[in-house]
Structures are given as C-alpha cells and as structure tokens.
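Okay, so here's the structure we're looking at.
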Number of protein chains: 2
Amino acid sequence: MDSSSRPRSTRDRPAKAPLSAEAIIDAALAILKSDGLDAVSMRRVAAALDTGAGSLYVYVTGREGLQEAMFDRIIATIELETPDPSRWRAQLHSLLGRLRDALVAHPGIAAATMVDPPRTEVVLGLLENLLGLLLASGLEPQRAAWAADILAAQVSYAAIEAELRRTDPTALAAQVTANFARLPADRFPLITAHAEQLVAGGVDERFRFAVDVVIDGVLATTSAR
Amino acid sequence: MDSSSRPRSTRDRPAKAPLSAEAIIDAALAILKSDGLDAVSMRRVAAALDTGAGSLYVYVTGREGLQEAMFDRIIATIELETPDPSRWRAQLHSLLGRLRDALVAHPGIAAATMVDPPRTEVVLGLLENLLGLLLASGLEPQRAAWAADILAAQVSYAAIEAELRRTDPTALAAQVTANFARLPADRFPLITAHAEQLVAGGVDERFRFAVDVVIDGVLATTSAR
DNA sequence: ACCTGAACACCGTTCAAGT
DNA sequence: ACCTGAACACCGTTCAAGT
C-alpha cells in the first residue's frame, strides 16, 4: 500500500502495459529518436520498462530482431499514394522524401538496416508502391526494378548524411569549404578550384537533384539491358 | 634463452616490430579482412600484438581513429589513372569498380566509414581523381561535384550489398525470387509479377548499370542547376 | 507460465603502478 | 619514456531459480 517506500520503482505512472513486443518496440523507438541507435541497448530498453534485459527475449529474438522490428514500425508510418501516371515524378520525389525524413528522425537506423531490410509486409508495401511509380513512368520492368535499388541507395546515403549534418548544417559546410580551399593547389587543383561546388546546396536540394539524375538516367541510358 | 618455457607468447616469430601506429593498423586490417569489422576490437588487435588494449592508445586515438586509419590504408591501395578525355567513361567504371572491390575485401568498413570518410590526403586524392574524370566528360563543375557524391552513394551501397551476398550469391538470389513469387498476388501484384527482374543480374552487372544511369542522368537531367 | 537477476564472455577507455 | 594490467562502466545473451 505504501508506494513511497518501494525502492527505485516507477510504478506510480499511469498504469503501463506490463510487457509485450509492442511495448518493447515503443520503448526502443523512444530511445532511438532521442539518443540514436547506439543508445538502444537491450539493457537500456529493459530499464525503461522497469525490467531486466533477459525478460525481453520472450518477445523479441534479440538486438537484431528488435532493430528490424523498429525499422518496420518506422516504415509503417510512411503514407503511400496510388501511382498516378500524370504525376508519377512528383509522387516519387514525395515518397522518397518522406522515407528519407522518417529515417533521419531515427538516427542510425538507415545505416544499420536500410541495405538489408527485413522483408515484412510493410516494407514490401513500400517497394510495391515505389515499383508502381517507376512503372507509371513507362519504364520496362527490368529498368524499373533496378532503378528501385539505385534510389534506395540514394535515400539511404542522403539519410545518413543528413544525420551527420543535423546539428548545424551551414556552419559545417562553411568549415568544409574552408578546409578544401586551404589545401595545396598543386596537389589538389580540382578540389581547391571547386571547393564551393563540392559543398554547395542543402540536403534537400542535393537529394532532389540525385533523384532526378537517377530518373533521367534510367530513362536515357543505353546500357546493357 | 629457453623460449619454450615462456608462457602464451609468440615471440619466436621473425622479429616483429615492437609497437607503432603502422603495426597496429596492419594487425587491425588482418582481422578486418578475415573476420569483419565487428571482430576488430581494441582488445583483439592488442592481443594479436601481444600487448594489452590500453597500450594502443599511445599510437591511436581510439577505436574510431583506428577505423579511419584502416580506411585510409585501404584507399591508399587503389591505383589512380590520369583522366583521359577520350576514355573517361571506361576509366570511371574502372576506378569505381576498384574502389568497390577494395571495400568488399574489408567487410564492414564501407558501412562504417564510407558516408563520412576521413579527409586525409589519400582520400582527397581519390576525390580529386574522381572529379577529374567527371570534368573530363565535359560536365560543368557543379554537376560534376554532385555527381561525385551520387556515385559515392552507389559504391557504398553496392559494396555493402556484395558483402551480404558474398557466401553464395546465386543461391540467395534464387531464394529471394521464390519468396517474392510466393507472396499474395492481390496485395503485391507488381512484386509477384516482376520477382525475377527485382533479383536479376549479378553484383557486377547491376553496379555497371547503376554507374551508367548516374552518368547518363547527370548528363541529361534538366533539374534546378 | 512468466519473470528475475545472476552469470558468462565480452566491450572501450582510463590511469596508477611498475620497469 | 614507455608499457602493463587492473579497474570502471558498460555490452548481448543464457538459464537456473523463484513466484
């Protein structure tokens, strides 16, 4: 009855659900959002749920499985639009932008899981939508399929880059430009000459350009297939 | 004198250099090549050098610094060709292919360091060469600079993908195709219809296509700049 | 049936003590 | 001056013991 005498407990919170896969993933995502993936240890997730790390293994296969579950939940928040052949390009930019933003909001998850994502229904739903948009452009299936992969690489890379620059993007860019310009011009003539171009543009502008490059490239290329 | 009585020592090897940044990086690279980045712990590197983990901190700033040093050494092995305007495209494919292969030979290093590489002279030398090849195509500097970044994303992604598929690429591809084809066609009509295209092509063919797409795209795109 | 928490085999990093 | 290795504060995962 005397809850104040209970040691180091947080039981007086609004009646939390006891333990479940959902609750574990929720707790893990909260830590991921605020402190990044490295901070999401089994022990810390368990501590947030007032239990021991070992207890999590009933609901989750381990750290890796938990990360896949987190990734799935993040992807599940991304809204999908039915492909419209009259505006597939805008839809594509919008979809990939939402994906990138969702990844950036959860620092570390792109680097850890994006290249080899779990093939859950949610993740496959995203691929289905992406493929639909690419096919709406008139691309034949093989080029559309490969383009999906190329775009995934760009999203993943852009997300990780944006995470790095999240504290103060412009200050960091200015610093890099200065460093590039200060290099010996005889050994790095192109980098010193084009220091500004190398750093130019915000994350959004560069990402938009990259997506357009891939789209235009896959429409234009005369390579093998 | 009686070396056989010395406990758990490997001193009878051909007179190894005692301890230095070089020796530490060598030992770390050997472990990286055979067992991947996760196995490259300060303790294991130290053990390979017959010392304690603490001793490494005189020559190396820490685990992160060691990884950057390893990355630098890996990049240093990549041969650079002077850009030739008559065959810049072939040179570009060749350079990026060598980079990707060097990364794949050191599992985990691409994922860990490629997006935010150390700006050492060696790494900048690679960027200088890449930029030279792109400018040799006739691209204006801004597009060349951004293209370098887009290509870096493709190399990084391709390397990580190749690492995953390194054990038995064709068996894995067949399995993924089967999984895709077995999905409910009403919910995933495009994935099931194009399961083969999604998995088609070896790592090399897909990478070659991706690089051509980026080149052709950056030459063709009518985006912002 | 479910949860706990101790135990095992690891980490990176620091630093007093030795040679 | 340089190296050692103990210590600190962590890891992921397993599993006997409790309720």
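In DNA chain C, the stems built from three or more successive Watson-Crick or G-U pairs (distances below 3.5 Å) are C:4-8 with D:12-16, C:12-16 with D:4-8.
Interatomic distance, CG of L133(A) versus CD of E128(A), reported as 10.5 Å (0.5 Å rounding).
R44(B) has its CZ atom 17 Å from the P atom of dA9(C), to the nearest Å. If you take CZ of R43(A) and P of dG12(D), they are 7 Å apart, rounded to a whole angstrom. Put simply, CZ on R63(B) is 8 Å from P on dT13(C), counting in whole angstrom units. M42(A) places its CE atom 17 Å from the C1' atom of dC8(C), with the value rounded to the nearest Å. Distance, Q67(A) CD to dC11(D) P: 14 Å, rounded to whole Å. Atom pair D38(A):CG and dC11(D):C1' shows a separation of 11 Å (rounding to whole Å applied). Taking atom CG on L49(A) and atom P on dT4(C), their separation rounds to 10 Å, with Å as the unit. When the C1' atom of dC11(D) is taken as reference, atom CG of D35(A) falls 16 Å away, rounded to whole Å.
Counting only heavy atoms from C-beta outward, the side chains of L95(A) and L126(A) approach each other to under 4.5 Å. The shortest side-chain heavy-atom distance between L127(A) and V123(A) does not fall under the 4.5 Å cut-off. By the 4.5 Å heavy-atom criterion applied to side chains, F207(B) and L96(B) are counted as neighbours. The shortest side-chain heavy-atom distance between I150(B) and V218(B) does not fall under the 4.5 Å cut-off.
For the P atoms, the distance from dA9(D) to dA9(C) is 23 Å, rounded to whole Å.
Partners of V203(B) under the side-chain contact (heavy atoms from CB on, under 4.5 Å) rule, at least two apart in sequence or in another chain, are R100(B), A162(B). Under the rule for a side-chain contact (heavy atoms from CB on, under 4.5 Å), the partners of V176(A) that lie at least two apart in sequence or sit in another chain are L172(A), F180(A), V199(A), R119(B).
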Name every donor-acceptor pair, under 3.5 Å, that has one atom in a side chain of residues 189-198 of chain B and the other anywhere in the protein, sequence neighbours excluded.
unit_1	atom_1	unit_2	atom_2	d
T192(B)	OG1	F188(B)	O	2.8
T192(B)	OG1	P189(B)	O	3.0

Please report, to 0.1 Å, the donor-acceptor pairs under 3.5 Å made by any side chain of residues 65-79 of chain B, with sequence neighbours excluded.
unit_1	atom_1	unit_2	atom_2	d
D72(B)	OD1	T120(B)	OG1	2.4
R73(B)	NH1	E22(B)	OE1	2.8
R73(B)	NH2	D26(B)	OD1	2.1
T77(B)	OG1	I74(B)	O	2.6

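Within residues 52-62 of chain A, the residues approached by DNA chain D to less than 4.0 Å at the level of any non-hydrogen atom are A53(A), G54(A), Y57(A), G62(A), in residue-number order.
Look at S41(B) and you'll find a side-chain N or O under 4.0 angstrom from OP1 or OP2 of dC11(C).
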